[in-house]
K.L.:
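To start, I am sharing the structure in question, which I have written as C-alpha cells.
Residue numbering restarts at 1 for every chain, and letters A, B, ... go by the order of the sequence lines.
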Amino acid sequence: MRLSKLLGKTQREIPAEADTVSHRLLIRAGMVQQLAAGVYSYLPLAWRALKKIENIIRDEMDRAGGQELSMPVLQPLELWQKTGRDAAFGTGLFTLTDRRERTLVLGPTHEEVIADLVGRNVRSYRDLPLLPYQIQTKFRDEPRSRGGLIRVREFIMKDLYSFDADQEGLDESYQKMLAAYKNIFNRCGLPTMLIQADSGAIGGKESHEFMVVAESGEDEIIYCEKCDNAANVEKASSLKERIEDGPPQPLVEVATPGKESIEDVAAFLGVPPSHTLKAVFYMADDKLVFIVIRGDIGVNEVKLKNLLGAAELRLATEAEVTGAGVVAGSASPVGLSGFRIIADDSVTTGNNFVAGANKAGYHLKNVNYPRDFKVEMLADIALAAAGHACPACNGVLRATRGIEVGHIFKLGTFISDRLGANYTDAEGASHPIVMGSYGIGLGRLLAAAIEQNHDDKGIVWPLPIAPYQVYLCPLQMADEAVTGAADKLYSLLEAAGLEVLYDDRNESPGVKFNDADLLGIPFRITVSKRTVANDSVEIKRRTEKEAELVPLEEANKRLKELIRG
RNA sequence: CGGGGCGUAGCGCAGUUCGGUUAGCGCGCAGCGUUCGGGACGCUGAGGUCGGAGGUUCGAAUCCUCUCGCCCCGACCA
C-alpha cells in the first residue's frame with residue numbers, strides 16, 4: 001500500500017477529548033474516527049490490525065472444535081422476555097420498533113438466539129457437544145462509553161457458546177476455551193491475567209475474565225503476591241483475621257458526644273476500627289436493608305446484590321435512613337427491628353465490639369454476636385482490598401487495574417430450560433442442554449494491545465497483529481536513484497508476500513521517521529542517497545534504536561528471516 | 001441519572017467577562033520555489049457565520065430562554 005493513497009492521515013496534535021493512551025494514539029495515527037458517543041469507524045490501518053486479530057481468534061476457535069456461523073443482529077424482544085434477561089439488561093438493550101409495531105432488540109449477545117437455534121436442531125446426546133461461534137457486531141446502550149475503543153456502544157465480538165449433555169461436558173468445554181483464549185492472547189502479544197469474576201447480567205455460576213493490566217483499565221483486580229489467587233474486586237474475598245478481645249463482657253452504654261464516624265468513635269474510645277461494627281444502609285429494589293459489618297471492612301455491593309437477589313441496589317440516602325427511624329451515626333442492630341438485617345461474617349471474628357446505641361451521642365461497648373443481635377443472613381459481603389490477607393495462602397493481597405479483554409461463563413441450564421433447548425439421553429429421558437458462553441471484544445483487544453505496546457513516539461505493534469509488517473521509507477523522493485531503488489524493492493517485497501506500507505510521500509526525513517514510529521509498523525526499511533551509494537538499505541526494528549545495513553539484493557531474504565523470527 | 005467541563009475552519013486554540021467595521025492565530029491543506037538522515041523555509045491561496053432554534057437590541061460568537069451534541073468523575077455496565 002502506498003501511504004500517499006491511504007485513507008487516514010496522521011495528526012500532530014492530540015484531540016482534546018482523548019484521554020487514554022490507546023485512544024490518543026489511534027486518533028493521532030488516523031486509525032479510528034468517532035461518529036457519536038461510543039461509535040467509531042475503523043480506518044484501513046486499524047481494520048487490517050483488527051482482521052489479523054480476528055483471524056487469530058478464528059484459527060484458535062476452529063482448532064478447539066468451534067464451528068463458525070452467523071446469527072441475526074435483529075432479535076424479537078419476546079425471546080428476551082422468555083429468559084427474563086430483558087430485565088437484567090434493562091436500558092442497556094437497544095430496541096426499535098418495526099412497521100408492525102413489534103419491538104426488536106439489537107443483539108447485545110446471543111445466548112437466546114443460539115439456544116433457540118440449537119434447541120431446534122439438537123435431539124440427541126449424540127449431537128453434543130457443540131461449539132458454535134460467530135464474530136459479529138454487538139450493540140449495547142452503555143450508560144457511559146469511555147476511553148476510545150475501551151468501552152463502546154457498537155463493537156465487534158467473538159461469541160462462542162458451548163452445549164453439553166452434562167456438567168462434566170461443560171467443564172471440558174470450558175477448559176478447552178480457557179486454553180484457546182490463552183493461545184489467542186499470547187499470539188496477539190498480550191500478557192493477560194486470568195481472574196475469577198462475577199457473572200453479572202449474563203448469569204451462571206463460575207466465570208473467569210482475561211485481564212490486560214493497564215492504568216486505564218476499568219476493573220480493579222485483587223491478586224495475591226504469593227500464590228496464583230486473583231479475582232475481580234467484585235468477586236474477591238480476603239481473610240478476616242480473628243480479633244482477640246477476651247471472653248464476652250456485659251453490654252455497656254457509653255457517651256460519645258459528637259462522634260459519628262467509625263474513625264472518630266474508635267479513636268475516642270481508644271480501640272482500633274476493627275473492634276467496631278458499622279451499619280451501612282442500602283435500598284434494594286426500593287426496600288431499606290440494614291448491613292452490619294466490621295468497622296475496618298467495606299461492603300462489596302456486587303456480593304450483596306447477588307445475595308439479596310436484587311435487581312437494583314444503591315446506598316440509601318440520609319433522608320431514607322432517618323425516615324426509617326434510624327439514628328444515623330449511632331445505628332446498630334442491637335435492639336432494632338422492622339427491616340432486613342444482613343451481616344457480613346466478619347461479625348463472628350471477635351468479641352466485645354463497639355457499636356451504635358441507636359441513641360444520638362451514645363455507643364455500646366462489648367457487643368457480641370449472636371448474643372446481642374440477630375440477623376436474617378450472615379454471609380461474605382466484604383470488599384477485599386490491597387493489604388488484606390489471601391484466603392488461599394495467607395499471603396498479602398495487592399490491587400491493580402485491568403482491561404477485560406475476554407470473559408468466559410459456565411451458564412448451566414437456566415437459558416436452555418426457559419427456551420426449551422433439550423436433548424434426549426441414552427435412556428430416552430429429556431434434559432436441558434448445559435450451556436457455556438465465551439466472549440472476546442475485538443476492538444477492546446486492539447486498544448488493550450496498544451495500551452500494552454507503545455512508547456512516547458507511538459504504537460509498537462506486536463508483529464502478528466501489525467497492520468503491515470514493513471514500512472518502506474525512501475528519504476529523498478526527488479532523487480531518482482532512491483525512488484528507483486525503493487520502487488523496485490516495493491514490488492519485490494510485495495511479490496514475496498510481505499505486507500509493505502510504502503511511504504511514497506515527498507516529505508522530509510523527520511516527518512517520515514516520526515510517522516513511521518507513530519504508526520508502529522514492526523520493521524522500517526530506509527532507502528536514501530547514502531544507502532543507495534552502497535547498494536544497500538537499512539533495516540530497523542520499531543523496538544530498537546539501531547538499524548542494520550543490508551545489501552539491497554539481500555533485503556528481501558533478511559526481512560523474511562526477521563519476520564519468521 | 002448526579003457532579004464537572006466543553007462546542008468558533010480538518011485538528012489545536014484565542015476572542016465571550018464589559019454586544020460595535022470584512023471573526024483571528026498555529027498546524028494541516030492547495031500552488032510555486034528553495035530544502036531533505038528525526039516533525040525545514042519563503043511567497044501566494046482556499047477554507048468557518050461561531051452546535052441548533054427562538055428572543056432582546058439599531059447591531060449578537062458575545063446577553064436571555066430553550067434545545068442538541070461531546071468529554072471526564074460517579075452511578076451503571078458480560
Side-chain angles (χ1 to χ4, degrees), chain A residues 8-20 23-24 27-28 30 33-40 85 88-93 107-111 138 140-148 150-153 155 157-161 197-204 207-210 216 218-219 232 234-235 283 301-302 305 311-315 317 404-411 436-441 444 456-458 473-479 482 505-518 524 526-533 537-538 540 545 547:
Chain A
K9 295 268 180 264
T10 58
Q11 294 177 197
R12 283 185 204 196
E13 274 160 324
I14 303 158
E17 80 264 11
D19 251 11
T20 55
H23 193 197
R24 294 159 88 107
I27 291 181
R28 278 197 56 214
Q33 183 95 52
Q34 183 177 24
L35 185 63
V39 181
Y40 288 84
R85 293 207 310 169
F89 273 86
T91 52
L93 282 182
T109 177
H110 283 244
E111 281 82 4
K138 305 286 189 241
R140 294 183 191 178
D141 197 359
E142 296 287 350
R144 188 181 147 212
S145 49
R146 62 156 70 98
I150 301 285
R151 177 163 230 92
V152 289
R153 299 192 299 166
F155 59 99
M157 180 166 106
K158 184 285 300 175
D159 45 323
L160 182 144
Y161 306 91
D198 181 71
S199 52
I202 290 286
S207 157
H208 287 89
E209 288 167 336
F210 288 81
S216 54
E218 298 182 276
D219 292 279
N232 193 305
E234 296 174 350
K235 177 84 176 176
M283 296 301 283
E301 297 184 4
V302 174
K305 194 173 167 183
E312 201 192 317
L313 181 79
R314 60 173 174 82
L315 272 172
T317 62
E404 174 195 345
V405 289
H407 199 160
I408 59 181
F409 303 83
K410 288 188 183 177
L411 294 175
S437 165
Y438 313 82
I440 295 179
R444 187 184 279 180
D456 56 340
K457 288 288 199 179
C473 189
L475 290 187
Q476 295 87 17
M477 294 302 288
D479 189 311
V482 171
R505 300 171 304 167
N506 189 13
E507 290 287 351
S508 71
V511 171
K512 290 191 164 195
F513 287 152
N514 278 297
D515 277 347
D517 287 345
L518 176 60
R524 186 183 81 195
T526 308
V527 184
S528 70
K529 282 183 191 166
R530 266 192 223 167
T531 67
V532 168
V537 295
E538 280 172 18
K540 188 187 97 65
K545 263 209 139 58

K.L.:
Using the P atom in both, what is the distance from C36(B) to U44(B), to the nearest Å?
P.N.:
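Taking atom P in both C36(B) and U44(B), they lie 24 Å apart.
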K.L.:
On a whole-Å scale, what distance lies between the P atoms belonging to G74(B) and C29(B)?
P.N.:
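About 38 Å, rounded to a whole number of Å.
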K.L.:
Taking the P atom in each of U62(B) and G15(B), what is the distance between them to the nearest angstrom?
P.N.:
15 Å
K.L.:
For G74(B), give the paired nucleotide (Watson-Crick: N1-N3 plus N6-O4 or O6-N4; G-U: N1-O2 and O6-N3; both under 3.5 Å), or none.
P.N.:
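Partner of G74(B): C1(B).
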K.L.:
Would you classify R524(A) as touching base, sugar-phosphate or nothing, given that sugar-phosphate means primed atoms plus P, OP1 and OP2, and contacts are heavy atoms under 4.0 Å?
P.N.:
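It contacts base atoms.
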K.L.:
Quick check on RNA chain B: between S145(A) and I14(A), whose nearest nucleotide comes earlier from the 5' end?
P.N.:
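On the 5' side of the pair lies I14(A).
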K.L.:
Looking at E507(A), is its backbone amide N or carbonyl O close enough to the side chain of K512(A) to form a donor-acceptor pair, meaning the two atoms are under 3.5 Å apart?
P.N.:
no
K.L.:
Would you say Q476(A)'s side chain and K529(A)'s backbone share a donor-acceptor pair under 3.5 angstrom?
P.N.:
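Yes.
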K.L.:
Is A478(A) touching bases, backbone alone, or none of the nucleic acid, heavy atoms closer than 4.0 Å?
P.N.:
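Counting heavy atoms under 4.0 Å across all strands, the contact made by A478(A) includes a base.
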K.L.:
Under 3.5 Å, is there an N or O donor on one side and an acceptor on the other linking the side chain of R146(A) and the base of C71(B)?
P.N.:
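When only heavy-atom distances are counted, R146(A) does not reach the base of C71(B) through any donor-acceptor pair under 3.5 Å.
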K.L.:
Can you see if the side chain of K305(A) gets near the phosphate of C77(B) - specifically, an N or O under 4.0 Å from OP1 or OP2?
P.N.:
yes
K.L.:
Consider the side chain of P509(A), meaning its heavy atoms from C-beta on, and name the nucleotide among G39(B), C71(B), G37(B) that approaches it most closely.
P.N.:
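The listed nucleotide nearest to P509(A)'s side chain is G37(B).
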K.L.:
In the strands shown, is C58(B) matched to any nucleotide by a Watson-Crick or G-U wobble pair with both distances under 3.5 Å, and which?
P.N.:
G20(B)
K.L.:
Using whole Å, report how far NZ of K545(A) lies from P of G37(B).
P.N.:
19 Å
K.L.:
Please give the distance between the C1' atoms of A61(B) and C50(B) as a whole number of Å.
P.N.:
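Per the computed distance, 4 Å lies between those C1' atoms.
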K.L.:
Using whole Å, report how far CD1 of I150(A) lies from P of C76(B).
P.N.:
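I150(A) atom CD1 is separated from C76(B) atom P by 21 Å.
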K.L.:
Could you say whether K9(A) or P108(A) is positioned toward the 5' end of RNA chain B, judged by the nucleotide with the nearest heavy atom to each?
P.N.:
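Checking each residue's closest nucleotide, the 5'-ward one belongs to K9(A).
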K.L.:
What residue among L475(A), D479(A), V482(A) forms side chain to side chain contact (heavy atoms under 4.5 Å, CB included) with V527(A)?
P.N.:
V482(A)
K.L.:
Rounded to whole angstroms, how far apart are CE on M283(A) and C1' on G2(B)?
P.N.:
17 Å
K.L.:
Considering every strand shown, what is the Watson-Crick or G-U wobble mate of G7(B) when both distances are under 3.5 Å?
P.N.:
C68(B)
K.L.:
For U35(B), what is the paired nucleotide under Watson-Crick or G-U wobble rules, both distances under 3.5 Å?
P.N.:
none
K.L.:
Base, sugar-phosphate, or nothing for D479(A), non-hydrogen atoms under 4.0 angstrom?
P.N.:
nothing
K.L.:
Sort out the partner of G45(B) for me: Watson-Crick or G-U wobble, both distances under 3.5 Å, none otherwise.
P.N.:
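G45(B) is paired, partner C29(B).
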K.L.:
Would you mind classifying the nucleic acid contact of G147(A) as base, sugar-phosphate or nothing, using non-hydrogen atoms under 4.0 angstrom?
P.N.:
sugar-phosphate
K.L.:
Do any side-chain nitrogens or oxygens of R12(A) fall under 4.0 Å of OP1 or OP2 in G28(B)?
P.N.:
yes
K.L.:
What is the distance from CZ of R153(A) to C1' of C70(B), rounded to the nearest Å?
P.N.:
11 Å
K.L.:
Looking across every strand, which nucleic acid part, if any, lies under 4.0 Å from D159(A) by heavy atom: base, sugar-phosphate, or nothing?
P.N.:
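The residue D159(A) makes no contact with any strand.
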K.L.:
What does E218(A) touch in the nucleic acid at a heavy-atom separation under 4.0 angstrom: a base, only the sugar-phosphate, or nothing?
P.N.:
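E218(A): no heavy atom of the nucleic acid under 4.0 Å.
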K.L.:
Atom CZ of R85(A) to atom C1' of C77(B): distance rounded to whole Å?
P.N.:
14 Å
K.L.:
For C473(A) and R524(A), work out which heavy atoms get closest and say how close.
P.N.:
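Taking C473(A) first and R524(A) second, the nearest heavy atoms are CB-CG, 4.2 Å.
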K.L.:
Given U35(B), C70(B), G37(B), which nucleotide is nearest the side-chain atoms of N506(A)?
P.N.:
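Shortest atom-to-atom distance from the side chain points to U35(B).
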K.L.:
Send over the distance from E142(A) CD to G74(B) P, rounded to a whole Å.
P.N.:
15 Å
K.L.:
State which of C76(B), G38(B), G37(B) makes the closest approach to the side chain of T531(A).
P.N.:
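From the listed options, G37(B) comes nearest.
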K.L.:
To the side chain of L475(A), which of G37(B), G39(B), C77(B) is closest?
P.N.:
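Among the listed nucleotides, the one closest to the side chain of L475(A) is G37(B).
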K.L.:
If the P atom of G51(B) is compared with that of U17(B), how far apart are they to the nearest Å?
P.N.:
15 Å
K.L.:
Which residue, M283(A), K305(A), E301(A), forms the side chain to side chain contact (heavy atoms under 4.5 Å, CB included) with R314(A)?
P.N.:
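Answer to the side chain to side chain contact (heavy atoms under 4.5 Å, CB included) test with R314(A) among M283(A), K305(A), E301(A): M283(A).
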K.L.:
By the 4.0 Å heavy-atom rule, please label N514(A) as base, sugar-phosphate, or nothing.
P.N.:
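Here N514(A) touches the bases of the nucleic acid.
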K.L.:
Of R505(A), R28(A), K9(A), R12(A), which is the lone residue that meets side-chain hydrogen bond (donor to acceptor under 3.5 Å, both in side chains) with D515(A)?
P.N.:
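Of the listed residues R505(A), R28(A), K9(A), R12(A), the side-chain hydrogen bond (donor to acceptor under 3.5 Å, both in side chains) partner of D515(A) is R505(A).
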K.L.:
Do R151(A) side-chain atoms and S145(A) backbone N/O form a donor-acceptor pair below 3.5 Å?
P.N.:
no
K.L.:
Hey, does the side chain of K138(A) reach the backbone of K158(A) with a donor-acceptor pair shorter than 3.5 angstrom?
P.N.:
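Not confirmed, K138(A) side chain does not pair with K158(A) backbone.
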K.L.:
When you measure from the side-chain N and O atoms of Q34(A) to the phosphate of C71(B), is any distance below 4.0 Å, counting only OP1 and OP2?
P.N.:
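Answer is yes, contact under 4.0 Å.
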K.L.:
Which is true for L313(A) with a 4.0 Å heavy-atom rule: it touches a base, it touches only sugar-phosphate, or it touches nothing?
P.N.:
sugar-phosphate
K.L.:
With a 3.5 Å cut-off and heavy atoms only, can you find an N or O donor on one side and an acceptor on the other between the side chain of E13(A) and the base of G28(B)?
P.N.:
no
K.L.:
Between U16(B) and U56(B), how many Å separate the two P atoms, rounded to a whole number?
P.N.:
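It works out to 25 Å between them.
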K.L.:
Considering only the C1' atoms, how many Å lie between C66(B) and C25(B), rounded to the nearest integer?
P.N.:
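These two C1' atoms come out 33 Å apart once rounded.
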K.L.:
Counting only distance, no hydrogens or angles, is the base of G39(B) paired donor-acceptor with the side chain of R28(A) under 3.5 Å?
P.N.:
yes
K.L.:
Can a side chain N or O of S508(A) be found less than 4.0 Å away from OP1 or OP2 on A40(B)?
P.N.:
yes
K.L.:
Taking all atoms of both residues into account, what is the closest heavy-atom pair of R153(A) and A37(A), and its distance?
P.N.:
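Looks like NE-O, 2.9 Å.
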K.L.:
Taking the C1' atom in each of G59(B) and G19(B), what is the distance between them to the nearest angstrom?
P.N.:
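Straight-line distance between the two C1' atoms is 8 Å.
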K.L.:
Just the rounded figure in Å: distance from C1' of C76(B) to CG of D219(A).
P.N.:
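So the CG-C1' distance, D219(A) to C76(B), works out to 13 Å.
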K.L.:
What is the nucleic acid contact for R530(A), judged by heavy atoms within less than 4.0 Å: base, sugar-phosphate only, or nothing?
P.N.:
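Here R530(A) touches the bases of the nucleic acid.
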K.L.:
Looking only at side-chain atoms of F513(A), point me to the closest of A75(B), C70(B), G37(B).
P.N.:
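Nearest listed nucleotide: G37(B).
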K.L.:
Rounding to a whole Å, what distance do you find between K512(A):NZ and U35(B):C1'?
P.N.:
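It is 14 Å, rounded to the nearest whole Å.
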